[in-house]
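Atoms considered below: every heavy atom in the structure, side chains included; atoms not considered: hydrogens, waters and symmetry mates. Numbered from 1 within each chain, the chains take letters A, B, ... in sequence-line order.
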Number of protein chains: 4
Amino acid sequence: MKCLFRRRKEARPGEIAAAALDLFVDKGFAATRIDDIAARAGVSKGTVYLYFDSKEALFKAAVEATMLPALEEAEALVADDAKPAADMLREFVFGWWQMIGSTSLGGVPKLLVAESGNFPETVAWFHEAVIDRALAAMTRLIEHGIARGEFRNVAAPVAARIVFAPMFSYLVWRRSFEQCLRDLPPADEFFALAVDLLAHGLSAREAAK
Amino acid sequence: MKCLFRRRKEARPGEIAAAALDLFVDKGFAATRIDDIAARAGVSKGTVYLYFDSKEALFKAAVEATMLPALEEAEALVADDAKPAADMLREFVFGWWQMIGSTSLGGVPKLLVAESGNFPETVAWFHEAVIDRALAAMTRLIEHGIARGEFRNVAAPVAARIVFAPMFSYLVWRRSFEQCLRDLPPADEFFALAVDLLAHGLSAREAAK
Amino acid sequence: MKCLFRRRKEARPGEIAAAALDLFVDKGFAATRIDDIAARAGVSKGTVYLYFDSKEALFKAAVEATMLPALEEAEALVADDAKPAADMLREFVFGWWQMIGSTSLGGVPKLLVAESGNFPETVAWFHEAVIDRALAAMTRLIEHGIARGEFRNVAAPVAARIVFAPMFSYLVWRRSFEQCLRDLPPADEFFALAVDLLAHGLSAREAAK
Amino acid sequence: MKCLFRRRKEARPGEIAAAALDLFVDKGFAATRIDDIAARAGVSKGTVYLYFDSKEALFKAAVEATMLPALEEAEALVADDAKPAADMLREFVFGWWQMIGSTSLGGVPKLLVAESGNFPETVAWFHEAVIDRALAAMTRLIEHGIARGEFRNVAAPVAARIVFAPMFSYLVWRRSFEQCLRDLPPADEFFALAVDLLAHGLSAREAAK
DNA sequence: CATGAATGAGTTTTCATTCAT
DNA sequence: TATGAATGAAAACTCATTCAT
């Protein structure tokens with residue numbers, strides 16, 4: 001019994017941060033009330049302030065605490081293999097969608113876009129800790145393809161961003177236009193075509209003609 | 001003199017809506033104070049309420065009033081010509097960037113993403129009036145390419161979304177990560193490569209091989 | 001034409017005051033907007049300020065200007081005749097109801113009761129100019145009855161107030177509970193019984209027994 | 001100590017409602033500021049909103065919460081005894097004045113008259129819960145007197161209203177013309193004469209003559 | 001004289017934050 | 001630790017009043 005209670009107690013900050021993140025993603029920072037966060041986490045308003053100094057601190061903690069563990073897992077996605085780059089690209093996209101995009105972490109980019117004006121430091125942190133790292137990995141992947149003669153000799157850092165564009169867009173569209181999405185294609189179909197188009201677009205064979 | 005003043009007077013609501021849109025895009029709906037909007041428009045707080053019933057009404061009006069005139073111009077971008085589809089694609093993307101993406105209208109998508117949870121009707125309106133129309137135009141363009149034998153036989157509506165992804169992403173990134181954008185490529189370079197990759201990706205020649 | 005226009009112009013202040021009084025009676029001083037008064041008087045908001053210095057001044061003017069002409073007429077109601085006092089009482093009550101109580105002047109007491117805390121001077125004026133005068137007249141009437149041996153020897157000033165109570169109450173009830181007045185008796189019946197009860201109550205014959 | 005504090009805490013809403021009623025009666029609904037209510041109740045502005053949703057809700061609650069307990073006590077005033085009706089009438093009037101009229105509850109009628117245009121539902125509630133009940137009781141009392149051969153055969157419901165008129169009027173005059181009441185007779189004298197006049201006016205003995 | 005657009009002081013209302021229990 | 005009542009600063013909104021035309 002003591003053990004269960006202990007565990008509960010220690011999990012509190014995490015539960016609060018998770019509840020906060022969900023609500024921030026859904027309604028934005030300003031429109032989310034501490035009361036709502038407390039209610040969703042099943043604690044009282046005062047308890048929130050026991051673990052977090054302020055609403056702003058809670059925002060930053062919620063974003064960072066939720067991203068950090070995911071980052072480690074994500075890193076593993078980009079094992080520098082000797083596989084064909086097109087295959088790696090496909091695996092990267094689908095792996096990301098499964099592990100991150102389709103989970104509740106997928107809401108973070110939308111949230112940071114929305115609050116970019118109000119939380120410059122958090123945005124900067126996210127950019128460094130997540131975006132830059134992901135871009136670097138994708139850049140390496142593309143350079144790997146170029147080196148293998150598989151891909152055309154394009155500007156890899158620019159191409160990396162173009163590869164991320166469908167992933168980012170799908171994520172944000174899904175979260176923002178939920179109500180009017182009769183015809184947003186399912187993720188499988190969307191990403192299959194996206195990878196197909198990008199791989200063909202990058203392919204050296206066509207250009208060789 | 002009288003004429004100038006008259007013009008000023010009649011322009012008031014538009015000036016206020018424009019000021020409001022700028023601030024909403026920058027700081028979000030909740031973090032924007034009516035006082036700030038009034039100050040930016042060069043009027044007093046009371047004047048804002050002379051023309052708009054509430055902050056919410058101002059939000060809706062700002063979005064719709066700014067988009068409507070642009071929509072008409074935008075429609076003209078998609079003249080159903082007999083040109084090669086790849087050329088049309090390039091012209092569409094660059095025309096859009098010049099006329100919309102790089103202007104203050106480019107902030108609207110970011111704003112609606114941010115406030116999607118709080119303004120479902122406005123988001124729905126935008127989806128119908130802007131997104132659906134743009135998707136339809138792009139779908140036609142791709143089908144045109146397929147019909148000419150220029151493009152592969154892909155699912156045009158899905159491909160249309162993939163084409164919009166870099167445009168949407170660049171817009172949003174630019175507005176959201178201004179501070180940490182040392183290495184976001186300039187629009188010209190980004191869109192040149194994006195169009196290049198997508199046109200190659202769609203091209204029927206490679207597949208024919 | 002000029003004549004008509006002139007007349008219209010000169011009548012403006014009175015029209016505004018009348019419109020104001022109606023609205024003040026209906027909604028109270030604070031809940032009445034200058035815009036509404038202007039609209040009801042068929043002029044613009046600025047015009048109201050052409051004739052009245054402030055909303056408070058308009059309140060006072062509306063009350064006083066509407067009461068003054070009525071006061072003169074009312075004075076005539078109490079001709080010190082040699083008639084039986086009971087008859088005079090009956091004539092006074094019904095005459096008052098016809099000339100004042102049932103007209104739009106009947107709203108003034110309710111208004112002054114409502115605003116007594118906010119307009120002490122106007123209330124004081126009304127008390128002196130109207131209530132005191134009316135009480136004095138009624139006191140004289142009762143003393144006349146006592147002197148004739150018709151009425152018992154009661155405290156005339158107190159009895160005068162008791163005589164006014166049904167008149168005042170009917171007026172106020174009528175204006176305040178309009179909505180739920182299924183069973184407020186018609187004025188004729190109410191005042192007939194009131195005069196009957198009071199005349200009998202004052203009558204010396206019963207006491208003589 | 002804990003007990004005292006507890007009691008204090010639970011009494012808060014009632015204290016606020018009481019403070020509100022006092023001020024509403026004095027200055028009217030619109031002219032009363034929430035700040036003033038809070039100050040008089042000895043709490044902060046925010047605390048008022050802890051217990052009441054809005055100023056309007058506070059108005060309704062203040063009226064209803066203050067009247068309800070009084071209604072029960074009041075009901076007991078009209079024990080259907082076998083006493084002479086004239087005695088019952090006297091007891092009713094003086095009992096009412098002691099228990100209600102002279103207390104802070106006595107301000108409610110004035111308040112509802114003043115705000116009748118703005119709070120139709122509250123006025124309707126008061127009419128049903130208070131006025132109709134009181135009229136019914138008084139009507140029964142008069143019918144009792146008629147049945148005993150003590151009173152003349154008058155229309156009892158109309159007479160009931162006439163009996164209430166001095167009570168209502170004295171209440172309202174007292175609260176509205178405080179400043180200029182040099183010569184309003186004291187309650188004892190006023191009601192003694194009122195009861196005397198009405199009892200005589202209703203008496204069957206005189207009519208028999 | 002008449003207008004109505006513009007103003008800004010004053011009020012209601014919300015909600016992050018504190019603190020006694 | 002945990003609670004939730006209490007606070008008050010900050011923001012939306014109203015409307016009497018002014019003034020250029």
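To the nearest angstrom, P of dA2(E) lies 8 Å from CD1 of Ile16(C). We find that CG of Leu50(A) is positioned 14 Å from P of dG4(F), with the value rounded to whole Å. Following rounding to the nearest Å, Phe52(C) (CZ) and dA2(E) (P) show an atom-to-atom distance of 12 Å.
A sub-4.0 Å separation between OP1 or OP2 of dA2(F) and a side-chain N or O of Ser44(A) is absent. Between Tyr51(D) and dA5(F) there is no side-chain polar atom (N or O) within less than 4.0 angstrom of OP1 or OP2.
Here Phe126(D) contributes atom CZ and Met67(D) contributes atom CE; the two are 5.0 Å apart, rounded to the nearest 0.5 Å.
When atom types are taken as modelled, the side chain of Lys110(D) and the backbone of Val25(D) share a donor-acceptor pair closer than 3.5 angstrom.
Within the structure, side chain to side chain donor-acceptor pair (under 3.5 Å) pairs that include any residue of residues 27-44 of chain B comprise Asp22(B)-Arg40(B), Arg33(B)-Asp36(B), Ser44(B)-Thr47(B) (at least two apart or interchain). Applying the salt bridge (Lys or Arg N to Asp or Glu O under 4.0 Å) rule to pairs touching residues 47-57 of chain D yields nothing, sequence neighbours excluded.
Relative orientation of the Phe24(C) and Phe29(C) rings is tilted, given thresholds of 30° and 60° on the angle between their planes.
In this view, Tyr49(C) and Ile34(C) satisfy the side chain to side chain contact (heavy atoms under 4.5 Å, CB included) rule, not counting sequence neighbours. Residues passing the side chain to side chain contact (heavy atoms under 4.5 Å, CB included) test with Ala61(B) are Phe52(B), sequence neighbours excluded.
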Task: Reading 5' to 3' through nucleotides 12-17 of chain F, protein heavy-atom contacts under 4.0 Å coded B for base, S for sugar-phosphate only, - for none - done: SBBSSB

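Taking a pair as Watson-Crick or G-U wobble with both distances under 3.5 Å, DNA chain F forms stems of 3 or more consecutive pairs at E:2-21 with F:2-21.
Across dC1(E) and dT21(F), the matching C1' atoms stand 13 Å from one another, rounded to whole Å.
Here the closest non-hydrogen pair linking Leu58(B) and Ala17(B) is CD1-CA, 4.2 Å.
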